Trainee: 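Structure below; questions to follow.
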Amino acid sequence: MGSMTLLSDNSMDRPGVHVRINVAAAKDAEEPADQPVARPVGVEHKRNGLKITFRDIRYQVVNSTQKKEKLLLLNGITGCIAPGEMTALMGASGSGKTTLLDCLAGRKTAGQLEGEIMFAGRPPTQTYLRRHTGYVEQFDTLHGNLTVREMLMYTAELKILITQPMSTKRERVNSVIETLALTTCQNTKIGSALEKGISGGQAKRVNIGIALVTSPRVLFLDEPTSGLDSYTSNEVMAIVQALTRSNDSITVCAAIHSPTPTAFRLFDRMIILLRGRMVYFGEAGMHAMEYFALKFPDIKPFDASRGENEAEWLVDTTTRADRQGLAGDFADVYEASELRERNDAMMRGATGVGACGRGAGRASVMTLGELEVKQETSTPFWHALKTLLKYRMLTNFKDPKFMGPRIMDKITVTILMMSLYWGIGRNLVLSNILNIASLLYMWAILPGFAAMSYVPALVLERPLYIRERNDGLYWVITYLCSKMAEEIIIAFFCSLAFSCLVFFPVGFSGQWVLFWLVYWCTMSIGVALAYFVAAMSPNLDVANATVPAYVGSLLFFTGCLLRFADIPDYWTWYSYINFLRYAWGALMVNQFEHSEPSDFLGSKGVLDYYSLAGTSKWAFLGYEFAFFVSFFLLAYLALSYKKHGNR
Ligand SMILES: Nc1ncnc2c1ncn2[C@@H]1O[C@H](COP(=O)(O)OP(=O)(O)OP(=O)(O)O)[C@@H](O)[C@H]1O
């Protein structure tokens with residue numbers, strides 16, 4: 001047992017790329033059988049990489065442009081990925097690399113997948129994949145407002161078992177920061193496309209760090225070097241390679257389009273795809289070039305003396321073959337090759353922890369405890385909610401760009417109402433009663449209208465939400481509660497302050513507490529409504545158009561613009577399911593129940609004129625609350641079942 005520093009094999013030719021890995025000997029590193037091992041659930045063990053074997057993978061989807069047609073994106077893919085090795089998925093653009101990676105990682109949400117995929121000889125459950133593998137997406141999905149350290153701690157607190165003490169989580173994050181050379185930027189804000197934070201290379205390493213925080217047995221990476229300069233690409237890949245070489249021997253599989261020559265040499269094994277079929281599976285580097293030179297003598301051979309780059313040569317050669325319509329021939333030649341026979345022989349012994357790859361890694365097995373875990377998240381609801389609020393809500397509350405838009409509109413409206421309507425609440429002459437009713441109408445509808453401002457918060461962070469759900473960080477209900485809490489807490493304080501600043505200066509009658517609660521409740525309905533629409537809508541444009549269209553339609557049915565008695569019979573139902581009607585009705589009853597003139601425009605009073613006589617303001621507030629609960633449930637169902645970004 002101990003700790004040492006490994007220097008990546010290839011780091012010597014690139015000054016500055018030093019990869020530090022903490023190596024601790026694994027207790028169960030070389031378990032011989034592929035049978036699950038009985039260990040108690042919930043106890044963390046030192047774990048090694050798992051061997052992945054896949055046989056005859058076929059994956060087809062409905063063609064997105066021609067719905068009646070099915071497309072076979074992967075056909076007859078057979079191979080294995082060994083622990084302690086880096087396996088590259090290569091091939092021309094559109095050849096199916098990401099598709100295969102997603103199939104292996106259990107991240108496909110659409111289409112039909114056939115064939116056999118085994119992790120250490122056993123079919124993995126979705127829950128197992130969420131909890132024990134890491135997936136680094138091609139595009140960064142990070143919280144721009146958090147620092148690098150906070151982002152990693154946030155993930156650690158959500159993914160590492162709650163039974164582990166905080167000190168263990170901190171140590172794990174420290175180790176990841178050190179391993180990924182993130183020490184210098186650990187306290188820098190991540191930033192976003194519009195607000196500069198850490199660099200692209202650092203962001204990529206943070207993404208890898210997120211996957212590593214829980215010591216996954218398998219790490220999948222989709223285009224880990226895209227958008228990075230060659231030095232940073234090499235650095236990132238050297239770090240990943242060092243993870244496979246450590247005693248953890250994790251299994252690494254990366255879809256990579258055009259690696260730098262240095263990054264290319266870090267791979268041990270390579271799968272090359274063309275039009276969804278395998279055209280090469282074997283050792284990486286010169287072995288692949290030799291294979292193609294032998295099988296296709298007409299191809300211009302690779303010539304290092306001309307300064308050719310191996311990765312580029314392979315991609316160019318296979319892409320040219322694809323363009324010339326030879327993809328099928330390349331795949332057929334591989335099918336009939338002795339390389340394929342050798343691979344098949346290797347595969348026959350590779351289902352368990354037997355030979356696969358060069359056998360450098362120490363294969364481990366799944367434990368019964370790991371397989372028995374049914375819960376997709378590692379931490380309970382209350383802990384995840386607390387963590388989301390601690391990292392996301394508190395950071396947002398300190399951000400003027402988040403708080404400003406949520407407060408400024410209410411300050412503006414409050415100033416307008418105070419200055420325009422000062423003292424009018426006590427004057428009950430006919431013309432003034434109409435002014436009071438209009439002011440209460442505005443007080444009721446404005447928070448409903450403000451609902452559209454909550455839409456972007458959910459739609460824009462959808463990729464982040466999808467990634468975090470795929471990583472098993474929290475339940476849907478946890479996410480929804482944290483987002484609602486964030487807005488409802490702000491709404492609570494805003495409504496409290498602004499209702500005082502309007503109610504007393506204007507001189508309204510009735511109970512201030514109802515005046516305040518109606519405002520707060522309508523704001524909360526607006527949040528839940530916005531989240532429901534945002535969760536249902538395919539993009540921001542649709543959501544932004546839907547909310548005002550819906551709320552706008554409600555304005556006609558509150559009973560103020562058109563009296564309830566004057567609404568045509570065939571439309572009255574819409575008035576009953578209009579939360580703004582109950583908001584305005586409650587405010588009117590509160591204002592006039594004890595101080596209305598006995599005669600008003602030919603009716604027995606103001607409330608009679610507006611068909612509100614005999615109604616209860618508290619019952620109306622209760623109906624409002626029921627609308628809040630309904631929209632909350634609809635938002636929950638939409639977030640749970642409406643799938644966006646099918647892959
Ligand atoms: N639903 C679909 N309808 C039509 N074509 C689809 C569908 N889903 C995927 N494809 C196609 O499948 C092919 C494989 O996509 P995939 O993302 O796996 O390719 P890739 O090798 O990773 O490409 P790149 O290197 O450009 O990222 C692409 O040509 C893509 O356009």
Side-chain angles (χ1 to χ4, degrees), residues 52 54 57-79 81 86-115 117 135-141 200 204 207 219-228 233 236-237 252-260 263-264 267 269-281 284 288 309 311-328 330-331 334 463 466-467 470 538-539 643-647:
I52 307 169
F54 40 97
I57 300 289
R58 279 169 61 84
Y59 176 73
Q60 53 182 351
V61 285
V62 174
N63 189 345
S64 47
T65 46
Q66 196 101 44
K67 297 282 180 208
K68 283 187 188 145
E69 191 183 273
K70 284 205 166 178
L71 288 178
L72 190 58
L73 300 186
L74 295 175
N75 188 6
I77 308 290
T78 297
I81 301 173
M86 288 233 293
T87 300
L89 297 183
M90 291 189 68
S93 179
S95 56
K97 303 181 290 292
T98 305
T99 307
L100 179 57
L101 195 75
D102 284 349
C103 289
L104 297 178
R107 301 233 166 185
K108 277 283 170 220
T109 54
Q112 201 183 338
L113 175 64
E114 291 163 36
I117 298 174
Y135 191 107
V136 180
E137 310 237 358
Q138 181 173 2
F139 301 105
D140 302 331
T141 42
K204 187 61 75 184
N207 271 300
L219 184 60
F220 296 102
L221 302 115
D222 190 9
E223 303 288 353
T225 59
S226 70
L228 302 183
S233 299
V236 167
M237 292 318 296
V252 170
C253 179
I256 194 152
H257 187 254
S258 34
T260 64
F264 180 71
F267 285 97
R269 200 154 286 276
M270 212 160 61
I271 292 171
I272 303 181
L273 300 177
L274 218 45
R275 301 239 168 183
R277 290 182 68 192
M278 215 172 217
V279 296
Y280 178 81
F281 168 44
N309 151 351
E312 210 172 81
W313 185 89
L314 276 173
V315 173
D316 285 356
T317 302
T318 49
T319 306
R320 201 174 303 118
D322 186 21
R323 299 276 153 80
Q324 290 169 355
L326 299 173
F330 268 52
Y334 170 72
I466 293 174
R467 198 266 295 157
N470 283 335
N539 56 42
K643 297 285 173 240
H644 297 288
N646 267 345
R647 47 199 290 176

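Side chains are part of it too, since the values below use all heavy atoms of this structure and drop only hydrogens, waters and symmetry mates. Counting convention: from 1, in listed order, for ligands and their atoms alike. We're numbering straight along the sequence, starting at 1. Being a predicted model, the structure only gives us computed values, none of them experimental.
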Trainee: Please say which of L73, T99, L113 ends up in a side-chain contact (heavy atoms from CB on, under 4.5 Å) with V61.
Mentor: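 In the set L73, T99, L113, the residue that makes a side-chain contact (heavy atoms from CB on, under 4.5 Å) with V61 is L73.
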Trainee: V61 heavy atoms, cut-off 4.0 Å: which ligand 1 atoms fall inside?
Mentor: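 That gives atoms 1 (N), 2 (C), 7 (C) of ligand 1.
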Trainee: Of the choices S226, G276, G94, which has the non-hydrogen atom that lies closest to atom 28 (C) of ligand 1?
Mentor: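 When every heavy atom of S226, G276, G94 is considered, G94 comes closest to atom 28 (C) of ligand 1.
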Trainee: With rounding to the nearest 0.5 Å, note down the distance linking CG in D102 to CZ in F220.
Mentor: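 If I round to the nearest 0.5 Å, the distance is 9.5 Å.
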Trainee: Closer than 4.0 Å and a protein heavy atom, does any atom meet both conditions relative to atom 4 (C) of ligand 1?
Mentor: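 Under 4.0 Å from atom 4 (C) of ligand 1, at least one protein heavy atom found.
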Trainee: May I ask whether atom 8 (N) of ligand 1 is less than 4.0 Å from at least one protein heavy atom?
Mentor: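 When distances to the protein are checked, atom 8 (N) of ligand 1 has a heavy atom within 4.0 Å.
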Trainee: Quick one: does D222 get a heavy atom under 4.0 Å from ligand 1?
Mentor: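 In this structure, D222 fails to qualify as a contact of ligand 1 - no heavy atom is under 4.0 Å.
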Trainee: For V62, which part has a heavy atom under 4.0 Å from ligand 1: side chain, backbone, both, or neither?
Mentor: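 For V62, the contact with ligand 1 is made by the backbone alone.
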Trainee: Under 3.5 Å between some N or O of ligand 1 and some N or O of S93?
Mentor: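 N/O-N/O distance under 3.5 Å: yes.
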Trainee: Counting only heavy atoms, tell me which of L274, I256, L73 gets closest to atom 11 (C) of ligand 1.
Mentor: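 The option holding the nearest heavy atom is L73.
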Trainee: Closest non-hydrogen protein atom to atom 18 (O) of ligand 1, residue and atom name please, with distance?
Mentor: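 Ranked first by proximity to atom 18 (O) of ligand 1 is T99 OG1, 2.5 Å.
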Trainee: Any idea which protein heavy atom is nearest atom 22 (O) of ligand 1, and the distance to it?
Mentor: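 Protein heavy atom at minimum distance: T98 OG1, 2.7 Å.
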Trainee: Judged by atom type as modelled, is there a donor-acceptor pair below 3.5 Å linking the side chain of K97 to the main-chain atoms of G91?
Mentor: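 Present.
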Trainee: Taking only non-hydrogen atoms of G96, do any sit less than 4.0 angstrom from ligand 1?
Mentor: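 Checking ligand 1 against G96, which is what was asked, there is a heavy-atom contact under 4.0 Å.
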Trainee: Quick check on contacts: which atoms of ligand 1 are under 4.0 angstrom from a heavy atom of L71?
Mentor: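 The list of qualifying atoms is 3 (N), 4 (C), 5 (N).
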Trainee: Report, in ascending order of atom number, the atoms of ligand 1 lying under 4.0 Å from any heavy atom of E223.
Mentor: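 Near E223, meaning under 4.0 Å from one of its heavy atoms, ligand 1 has 25 (O).
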Trainee: Is a side-chain donor or acceptor of R275 paired with a backbone partner of A327 at a separation under 3.5 angstrom?
Mentor: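 Side chain of R275 to backbone of A327: no pair is present.
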Trainee: Could you see which bit of H257 sits under 4.0 Å from ligand 1, with heavy atoms only: side chain, backbone, both or neither?
Mentor: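 Just the side chain.
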Trainee: Which atoms from ligand 1 have a heavy atom of S95 less than 4.0 Å away?
Mentor: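 Counting from 1, the qualifying ligand atoms are 19 (O), 21 (O).
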